[in-house]
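Quick caveat, the model's predicted, so the values are computed rather than measured. Convention: sequence-line order gives letters A, B, ...; per-chain numbering from 1. For the numbers below, each heavy atom of this structure counts, side chains included, while hydrogens, waters and symmetry mates do not.
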Protein chains: 2
Amino acid sequence: MKLTFKGDYAVKAILNLSVHYGNSPVTIPDLAKRSDIPIKFLEQILLNLKRGGFVESRRGKVGGYLLAKHPSKITVGDVVRFIEGPLDPIECVQDGYKGCRDIKKCVLREVWLKVGKAISHVLDNVTFEELAKKSKKFDAAYVYQI
Amino acid sequence: MKLTFKGDYAVKAILNLSVHYGNSPVTIPDLAKRSDIPIKFLEQILLNLKRGGFVESRRGKVGGYLLAKHPSKITVGDVVRFIEGPLDPIECVQDGYKGCRDIKKCVLREVWLKVGKAISHVLDNVTFEELAKKSKKFDAAYVYQI
DNA sequence: GATAATGTCTATCGTTTTGGTAGAGTATAC
DNA sequence: GTATACTCTACCAAAACGATAGACATTATC
């Protein structure tokens, strides 16, 4: 029932880009440093997120990454699903699954289905706009605290 | 966000033993056949479940496995947690976690915390008593259907 | 048009986890 | 005493995980 580092990093990267939405592109090293992610690993993840339509990139000097959509249009569920696959805890809940005998008699399937829905319900209702706002508030609070 | 086969098999085994609660012990081959699990793999899982206090065993002829407690006293959450570890999607939500910078400022931690709670809420509220009852009903329905 | 700073792409790699299998040993009912 | 169970330890192949390496392409700026 675990998220991989890849998924974790992807979400962190999108959050960072959300915080910088509207500004100039953010470079990979910057992004990596801010979220404590190995540069070359993040590079791959960003490339992947680009293919998924989550981010855009600018090459050359003054290049870097940008969010491809407004942060309010991206949920954590979108990103996690794209990187990790379906949010269900087991394959048998998917439509047309054939790998299990007596699927109609399986009372456990209902349980796993519920779990999948519970996870989706949480992750599909958190947008990066909210998260970015909260994150900015946190940072502001820290400044005054010092 | 996936359950392993081990966890899947463990839950299936406990369900089967729940259905047979009150009767004579069920042998490993029987259990394996009914849930379509490799015998030697199930063997290990049962041994593990025994150490966890979920099942008891009888050796020798007329031996086999029995549930150690009443099915109403075991939830799916208990079994999954024992086999797979914490239900949280990421380690950072656990108390005293030290592997992350700025944990207090992390807005994502709250999200993962919610996910963990959502999963727990589902799995901790399903007992094997309910599941066994439903399962028996299913089987009865099938008999009449033919 | 050279150069420095950026992203792009493919390959590789060591470690851990997963999903088993093998086989020798021990207890018990009959 | 033997057949039928569970017990225990070791081993193993394949896949996933978490990166790392390095050659290449693009672009802004001087």
Considering every strand and a 4.0 Å limit on heavy-atom distances, what is the contact class for A:V26: base, sugar-phosphate, or nothing? sugar-phosphate
5' priority, DNA chain C, between A:V62 and B:R59 [closest heavy atom]: A:V62
Is A:K2 atom NZ crowded by more than 12 heavy atoms from other residues, nucleotides or ligands, each under 6.0 Å away? yes
More than 12 heavy atoms of other residues, nucleotides or ligands under 6.0 Å from NE2 of A:H121: yes or no? no
Quick check: are there more than 12 heavy atoms from other residues, nucleotides or ligands sitting under 6.0 Å from NZ of B:K33? no
Phosphate OP1/OP2 of C:dT8: any A:K50 side-chain N/O under 4.0 Å: yes
Nearest to the side chain of A:Q44 - C:dG20, D:dA19, C:dG7? D:dA19
How long is the span from the CD1 atom in B:I28 to the CD atom in B:Q44, to the nearest 0.5 Å? 10.5 Å
Options D:dT7, C:dC9, C:dA5, nucleotide nearest the side-chain atoms of A:R51: C:dC9
Give one of base, sugar-phosphate or nothing for A:K2, where a contact means two heavy atoms less than 4.0 Å apart. nothing
Which residue lies toward the 5' end of DNA chain D, A:I39 or B:I28, if each is placed at its nearest nucleotide? B:I28
If the cut-off is 4.0 Å, is A:Y9 near the phosphate of D:dC17, judged by side-chain N/O to OP1 or OP2? no
Interatomic distance where CG belongs to B:D8 and C1' belongs to C:dT17 [whole Å]: 17 Å
Out of D:dC6, C:dC9, D:dT20, which has the shortest distance to the side chain of A:L47? C:dC9
Of B:S57 and A:L3, whose closest DNA chain D nucleotide lies nearer the 5' terminus? B:S57
I'd like to know if B:K73 pairs up with B:D78 as an ion pair, taking the criterion as any Lys NZ or Arg NE/NH1/NH2 lying under 4.0 Å from an Asp or Glu carboxylate oxygen. no
Measure from NZ on A:K40 to P on D:dC17 and round the result to the nearest Å. 21 Å
Measure CD1/B:I45 against P/D:dC8 and give the value in whole Å, please. 16 Å
Roughly how many Å is it from CZ in B:F41 to C1' in D:dC12, rounded to a whole number? 13 Å
May I ask you to say what A:G60 touches in the nucleic acid, namely base, sugar-phosphate or nothing, with a heavy-atom cut-off under 4.0 Å? base
To the nearest Å, how far apart are A:L42 CG and D:dT20 P? 12 Å
In whole Å, what is the span from the CD atom of B:E84 to the C1' atom of C:dT16? 16 Å
Separation of D:dA5 P from B:L31 CG (nearest whole Å): 13 Å
How many whole angstroms separate atom CD of A:E56 from atom P of C:dT8? 11 Å
Contact class for A:F5 vs. all strands (heavy atom < 4.0 Å): base, sugar-phosphate, or nothing? sugar-phosphate
Ranking C:dA29, C:dA11, C:dT18 by distance to the side chain of B:K61, first place goes to C:dA29
Nearest-nucleotide pick for B:E43, side chain only, options being D:dT7, C:dT8, D:dT20: D:dT7
Residue among B:V80, B:V79, B:I74 satisfying side chain to side chain contact (heavy atoms under 4.5 Å, CB included) with B:V76: B:V80
